[in-house]
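Report on the following structure.
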There are 2 protein chains.
Amino acid sequence: MVQVTPSMRIGELSRRTGVSVRSLRYYEEQGLLASERSESGQRHYDAAAVERVAFIQRMFSAGLSSRTVADLLPCMDRPSHETSDAALERMAEERDRLSAYIVELLQTRDSLDELIGTNRAHRATL
Amino acid sequence: MVQVTPSMRIGELSRRTGVSVRSLRYYEEQGLLASERSESGQRHYDAAAVERVAFIQRMFSAGLSSRTVADLLPCMDRPSHETSDAALERMAEERDRLSAYIVELLQTRDSLDELIGTNRAHRATL
DNA sequence: TTTGCCCCTCACATGGATGTGAGCTTTTAG
DNA sequence: CTAAAAGCTCACATCCATGTGAGGGGCAAA
């Protein structure tokens, strides 16, 4: 039988995403990343998994917890009328949190720039 | 003798900054925040400490470790020719890291917006 | 003096993602 | 067929800022 979506095993997914095998298993444990199991119990992923892993990483790096991401993913997989008010609200909340965080970081970057500027100026007086 | 800078104790600094007493002691342990000790061993801070604590928090929230902040602070306290090349480079490095991070977060926010938009659209079809 | 609050140190706990290693099975390449 | 490479599970370790609690001192108001 020909594989329609040539499945990859965990090592390959790890290589393609740059995410450790350990972490991929963790994502599964947290309900973020599904896998088909072969008879012998090995995980197999379709090509879409690469994207999904990237998404998960982005969310993590934006400060969302695995729990939160788990709540969001269904809305991504099947955006439908089933999307509860709660989930929608949750997304908006996270978005706002992220926005505020970005603003904060921009200010922090300015602080750093100023700090660097001041020090460069002092160096120039050598 | 009149106190020129009326010193505050740790509880007050905590209140003014919103940072826990525990954390303030931790900052000191990490060499980020100095304090004068009274005879009985109690910490006293001058008004400038409030600003410094705020700065530390910003750096932390920008992902710098206490170690890194400790390396940066001398450049803030005494920007002078003594500012080593290494320190300056370090600052620039952190600035760039932060910049890259911000860009990433902006993209992530866009992802979230799109996700929210898609779901709202589906809700509208109810 | 007693009561109450703040401070001190020490040290163990927490959370969340990830690292690491043991012990064992499956797959693959020679 | 055999050995290397890759998977599996389980479970303990790590990092880092912070929480928490024990046990005890300092100091002001009643």
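By convention in this document, chain letters (A, B, ...) are assigned in the order of the sequence lines, proteins followed by strands, and residues within each chain are numbered from 1. Values below: every heavy atom of this structure, side chains too, minus hydrogens, waters and symmetry copies.
Within residues 18-37 of chain A, the residues approaching DNA chain D are A:R22, A:R25, A:R37, by heavy-atom distance under 4.0 Å. Contacts between residues 95-106 of chain B and DNA chain D, counted as heavy-atom distances below 4.0 Å, involve no residue at all. A heavy atom lying under 4.0 Å from DNA chain D marks the following residues of residues 59-74 of chain B, by number: B:F60, B:S65, B:S66.
A:D77 has a carboxylate O that lies under 4.0 Å from a charged side-chain N of A:R52, or vice versa, which qualifies the two as a salt bridge. Taking 4.0 Å as the cut-off between side-chain N and carboxylate O, A:E12 and A:R9 do not count as a salt-bridged pair. Salt bridge B:E28/B:R43: present, at least one basic N to carboxylate O contact under 4.0 Å.
Counting all heavy atoms, side chain and backbone alike, B:Y26 lies closest to B:S66 at OH-OG, 3.9 Å. Minimum interatomic distance between A:L98 and B:L112 (heavy atoms only, all atoms of both residues): CD2-CD1, 4.1 Å. In terms of heavy-atom proximity, B:L64 sits nearest to B:V69 at CB-CG2, 3.9 Å.
Considering only residues two or more places apart in sequence or on other chains, A:E114 meets the side chain to side chain donor-acceptor pair (under 3.5 Å) condition with none of them. With sequence neighbours left out, B:R97 forms a salt bridge (charged side-chain N to carboxylate O under 4.0 Å, His left out) with B:E94. Partners of B:R25 according to the salt bridge (charged side-chain N to carboxylate O under 4.0 Å, His left out) rule, which considers only residues two or more places apart in sequence or in another chain, do not exist here. Under the side-chain contact (heavy atoms from CB on, under 4.5 Å) criterion, A:A49 pairs with A:L13, A:L33, A:Y45, A:D46, not counting sequence neighbours. With sequence neighbours left out, the salt bridge (charged side-chain N to carboxylate O under 4.0 Å, His left out) criterion links A:D96 to no other residue. Partners of B:S23 according to the side-chain contact (heavy atoms from CB on, under 4.5 Å) rule, which considers only residues two or more places apart in sequence or in another chain, are B:V19, B:S20, B:Y27.
A donor-acceptor contact shorter than 3.5 Å is absent between the side chain of B:R58 and the backbone of B:V53. Listed for the B:S14 side chain is no donor-acceptor partner under 3.5 Å among the backbone atoms of B:I10. At least one donor-acceptor pair under 3.5 Å links the side chain of B:T108 to the backbone N or O of B:E104. Between the A:R90 side chain and the A:D85 main chain, no donor and acceptor come within less than 3.5 Å of each other.
Proximity of A:S99 to A:R95: side-chain heavy atoms (C-beta onward) are separated by under 4.5 Å at one or more points.
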Handout entry: Nucleotide-resolved protein contact map, nucleotides 21-30 of chain C, B/S/- at heavy-atom distance under 4.0 Å
Key = -----SS---
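For DNA chain D, the outermost nucleotides in 5' to 3' order that have an atom under 4.0 Å from a heavy atom of chain A are D:dG7 to D:dA11.
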Problem - Watson-Crick or G-U pairs under 3.5 Å in DNA chain D, rendered as dot-bracket with [ ] for crossing pairs and | for another strand - result: ||||||||||||||||||||||||||||||
